[in-house]
Amino acid sequence: MTDPVGKLPSELDQLPDRDAEETAEWAASLDAVTEHAGPHRAAYLMRRTLQHAERAGVPVPRLLETDYVNTIPTSAEPAFDGDEAMEARITAWNRWNAAAMVTRGSRFGVGGHIATFASAAWLYETGFNHFFRGKEGDGSGDQLYIQGHASPGIYARAFLDGRLSEQQLDHFRQEAGGNGLPSYPHPRRLPWLWEFPTVSMGLGPLSAIYQARFNRYLHNRSIKDTANSHVWAFLGDGEMDEPESTAALALAAREQLDNLTFVINCNLQRLDGPVRANFRVVQELEAQFRGAGWNVVKTLWGSAWDELFQLDTTGALVRRLREVPDAQFQTYATRDVAYIREHFFGTGPALAQLASVLSDAKIAECFYTSRGGHEARKVYAAYRAAVEHKGAPTVILAQTVKGYTLGKGFESKNANHQMKKLTSDEFKGMRDLLGLPIPDSAFTGGLVPYGHPGADSAEVRYLQERRAALGGPAPARRVRAVALPAPEERAFKALEKGSGKQEMATTMAFVRLVKDLMRDKETGRRWVPIVPDEARTFGMESLFPSAGIYSPLGQTYEPVDRDQLMYYKEAKDGQILNEGITEAGAMADFIAASTSYATHGEPMIPFYIFYSMFGWQRTADQMWQLADQLGRGFIVGATAGRTTLTGEGLQHADGHSHLIASTNPASLNYDPAFAYEIAVIVKDGLRRMYGPEAENVFYYLTVYNEPKRQPAMPEGVEEGILRGLYRFKEGVAASAEAPRLQLLASGTAIHWALEAQELLSSDWGVTADVWSATSWGELRRDALEADEALLRGEQRTPYVTQALEGAPGPVLAVSDWMRQVPDQISQWVEQDYSSLGTDGFGLSDTREAARRHFGVDARSIAVAALAQLVKRGEVPASAVKEARERYGF
């Protein structure tokens, strides 16, 4: 069956048509317009009709793409709230100093980027003067995600403001002496200025969305009034190709995050060339964001284009703009006017007629410089529209020229991202263009000078007055120390007592501990449980009805399991962030929560629990972002190890996350074997991260899904648990001459080591002491610090060396991880050292079979132990062969 106009069947054919004759009349009218006025006129009428319907509240699908023109026409621009000429002078100084800083640094080969800020200068200046709230006013201020490559311009503005000195600018990318400026926004390196690390492209937009969402979370849970906080994320159009950049667009729209604005600097260039050489990235991004439910504001053309659009009575100009690919438009910006007349306007009679009344100067202005992102009024109008829009986040697509004002050698050149300096002559040309009072005599010694109008100049006073009215300097990071009281001991004591005859996995032990801690009267509400789906796998369903799952809408439906005790409860003030299948989103949640102590002055205690094999290996870049942003909290890799998750196979077996985690200096990594170890570690973690002398660290704990009896905590082991090693069970020697060795084990491997201890004693007369290695990483960290102390002339023995001092026999380390994990400590162990591990790919089988496959089960440990003793001549050489035969190898 076909519809009245002879098209293919559609979903409309399934809907009742109560007046088919009226429908046919509408279709006939459209056909008539198409025939007599052309398809462009028909398309225009349809778009206007859909636009009118949308404004009238008629539920019709939105247009995903609009014409290649500004969303806000010149006639609708709001009055500019400021002194445009003054702001132009401020922007000129910032442009100059940003370029000067990078150029001066090029003497030392440290690099830097000039062209990005040159294109985006007005995008930042307009925000700083009119929109970005500081932290000295009410609330938390705004959160600014600055485009990493634009950092020189932010430093230049801080210099103008008096927050940075010339000496500091001259140490851009030279941090070793302690006075330098980091290359990009790095809070750990410059913690009073930067809040959010963004230069690992793609992570900025993802984090901005979850930050805006976390602001709402705090507000809805009545922890902090964030109603006036707005999140601004400055991005490049090339950056939007990163999958993380667009991964959470639907979340932002679904949760109506109108406290969020993306500003995408569409200079049409990425690092080595055009973003979309044969296409139009602005139109693509508009469709993508509109389709996701965002409010889209296009700011493409400067005021010089107004005359061209007024002369375009046929629509030919707009149609031509829609069809020119980005790479060609970039070429126009580098060619002479004759080329533009021929290749842009010479494609049709209507365009040729339009060009005939335009002067060469007008065409040059339009195609070389006049972009919406370079004009304060255009940018101001877009920002005003963004903050006033309700019910959805906004993206501003601002078109600019990369390298703008830097001269023909920079502007729109494919290589300008890698161009690190201007010549003196190029600087003088830039000076003349910007109208800066910098004499030729200031160029001395081959150095371009910094420029400053004076601390009491009109420009600086204007800048500071504007910032004062908006709540103080920005960007800025402020930490108001708020120590949390230690929770009651009851929750920890429950794990320290052990589980008696009951078996309990360490995953369940951790969840039970947190559940009890969430009941604490003082700090319970500050816990932020985060899980990327499968909360029930980790035994967290008991938290659903008590803590609730956060949803800004509450629960608008009756859950299917409402009649069950642990039903699926969503609530506007819910505490759990249940993210669905997105480890990247869960990590972004964690980062926002873990840095709330600085962003909002409200310390929160996030714990993020996930399948360990989908944590570090999938989101390690975000772990570095977390470290850079000085986050605090507990990351928990559950169902850890290579052999504990039966039946899941190669990709689901984690034997390496501790190795990856060990590369992050801010991560304190523990592999606890018993519930009481978890209690000790979490208790000390709360002290270290949330006590009076809070540290900027976070914890990575691995826990297992293998039910075991949990012993009571022995006396005096707390220090060993925290430092990484203690003797859990001393072997009983049959005689003073019995061979002896030391078994070091972490996590679930301690159970195999204990079985091996029994085998060695009963079958071979060998005595083994079993040690719990709670943290190979902390043992190594301490040893490295001892080595560093030695270089300073201080003598200090590593803790692992002290702990094993005098322990008889060789040391054999075993874990459910690759051998590199326990081998981290080998050089500081004085005894003969060897290790067993789960190197290689995982496989599906029973735990017992998998452990035999990797050679880490109790019998394999016994054979390996005997082999070490054979080398030392302490047991007969035949012992290993006999053991292999006895144990069925």
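Numbers for residues simply follow the sequence, beginning at 1. For clarity, every value in this text was computed on a predicted model and none was experimentally measured.
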Inset, instruction - Inspect the surroundings of CD in E785 and state if more than 12 heavy atoms from other residues, nucleotides or ligands are less than 6.0 Å away. - result: yes
Legend entry - Check: T748/D816 side-chain N/O donor and acceptor closer than 3.5 Å: no
Inset, instruction - Check the surroundings of atom CZ in R490: do more than 12 heavy atoms from other residues, nucleotides or ligands lie under 6.0 Å from it? - result: no
Inset, instruction - Salt-bridge test for D782 and R796: reply yes if a basic N is under 4.0 Å from a carboxylate O, no otherwise. - result: yes
Legend entry - Side-chain donor-acceptor contact under 3.5 Å, D823 with S826: no
Inset, instruction - Report yes or no: do S207 and Q625 form a side-chain donor-acceptor pair below 3.5 Å? - result: yes
Inset, instruction - Report yes or no: is the cationic atom of R562 (NZ for Lys, CZ for Arg) under 6.0 Å from the centre of the six-membered ring of Y567, at an angle within 45° of the ring normal? - result: yes
Inset, instruction - Look only at the side chain of N578 and the backbone of Y550, and say whether a donor-acceptor pair between them is shorter than 3.5 Å. - result: no
Inset, instruction - Could you walk me through whether N705 and T507 pass the side-chain hydrogen bond (donor to acceptor under 3.5 Å, both in side chains) test, one step at a time? - result: CA-CA 6 Å; N705 67 328; T507 296; over 6 Å; no
Inset, instruction - Examine the side chains of W776 and S746 and answer whether a donor and an acceptor come within less than 3.5 Å of each other. - result: yes
Legend entry - Shortest non-hydrogen contact from I721 toward Y726: CG1-CE2, 3.5 Å
Inset, instruction - Give the ring-plane orientation class for F614 versus Y611, where under 30° counts as parallel, over 60° as perpendicular and anything between as tilted. - result: perpendicular
Inset, instruction - Verify the ring-centre separation between F674 and F728: is it less than 6.0 angstrom? - result: yes
Inset, instruction - Would you please indicate if the ring centroids of F607 and F590 are separated by under 6.0 Å? - result: no
Inset, instruction - Give the intermediate values and the outcome of side chain to side chain contact (heavy atoms under 4.5 Å, CB included) for residues L843 and H853. - result: CA-CA 9 Å; L843 76 168; H853 170 81; 3.7 Å; yes
Inset, instruction - Examine distances only and state if a side-chain atom of Q710 and a backbone atom of M504 form a donor-acceptor pair shorter than 3.5 Å. - result: yes
Inset, instruction - Have a look at Y704 and tell me which of T639, T506, T644, D671 forms a side chain to side chain donor-acceptor pair (under 3.5 Å) with it. - result: D671
Legend entry - W752 six-ring face occupied by R859 cation (under 6.0 Å, within 45°): no
Check: residues 800-809 side-chain donor-acceptor pairs under 3.5 Å, at least two apart:
from: T801; atom 1: OG1; to: W828; atom 2: O; distance (Å): 2.6
from: Q802; atom 1: NE2; to: T797; atom 2: O; distance (Å): 2.7

Inset, instruction - State, without any angle test, whether S775 and E778 hold a side-chain donor-acceptor pair at a distance under 3.5 Å. - result: no
Inset, instruction - Would you check if there is a donor-acceptor pair between the side chains of R221 and Y217 at a distance under 3.5 Å? - result: yes
Legend entry - Donor + acceptor pair across side chains of E677, S772 (<3.5 Å): yes
Inset, instruction - Kindly indicate, with the supporting measurements, whether the criterion side-chain hydrogen bond (donor to acceptor under 3.5 Å, both in side chains) is fulfilled by R740 and T767. - result: CA-CA 5 Å; R740 195 163 192 137; T767 304; 5.0 Å; no
Legend entry - Pair S499, R709: side-chain N/O donor-acceptor within cut-off below 3.5 Å: no
Inset, instruction - May I ask you to check whether Y700 and S657 show a side-chain donor-acceptor distance below 3.5 Å? - result: yes
Inset, instruction - For the residue pair I861 and L743, establish whether any side-chain heavy-atom pair is separated by less than 4.5 Å. - result: yes
Legend entry - With N696, the side chain to side chain donor-acceptor pair (under 3.5 Å) member among R188, R632, Q629: R632
Legend entry - Check: Q757 side chain, A753 main-chain N or O, donor-acceptor pair, under 3.5 Å: no
Inset, instruction - Taking all heavy atoms of L759 and all of W764, pick out the closest pair and write down the distance. - result: O-CD1, 3.7 Å
Inset, instruction - Could you pull out the closest heavy-atom pair between D769 and W771, with the gap in Å? - result: O-CD1, 3.6 Å
Legend entry - Least distance between heavy atoms, L760 atom then A862 atom: CD2-O, 3.7 Å
Legend entry - Near-ring test Y887/F889, centroid separation under 6.0 angstrom: no
Legend entry - Salt bridge flag under 4.0 Å for residues D763 and R886: yes
Inset, instruction - Would you please classify the geometry between the F634 ring and the W527 ring as parallel, tilted or perpendicular, with 30° and 60° separating the classes? - result: parallel
Legend entry - A673 versus G747, closest heavy-atom pair with distance: CB-O, 3.3 Å
Legend entry - Closest non-hydrogen atom pair between M566 and R536, with its separation: O-NH1, 4.1 Å
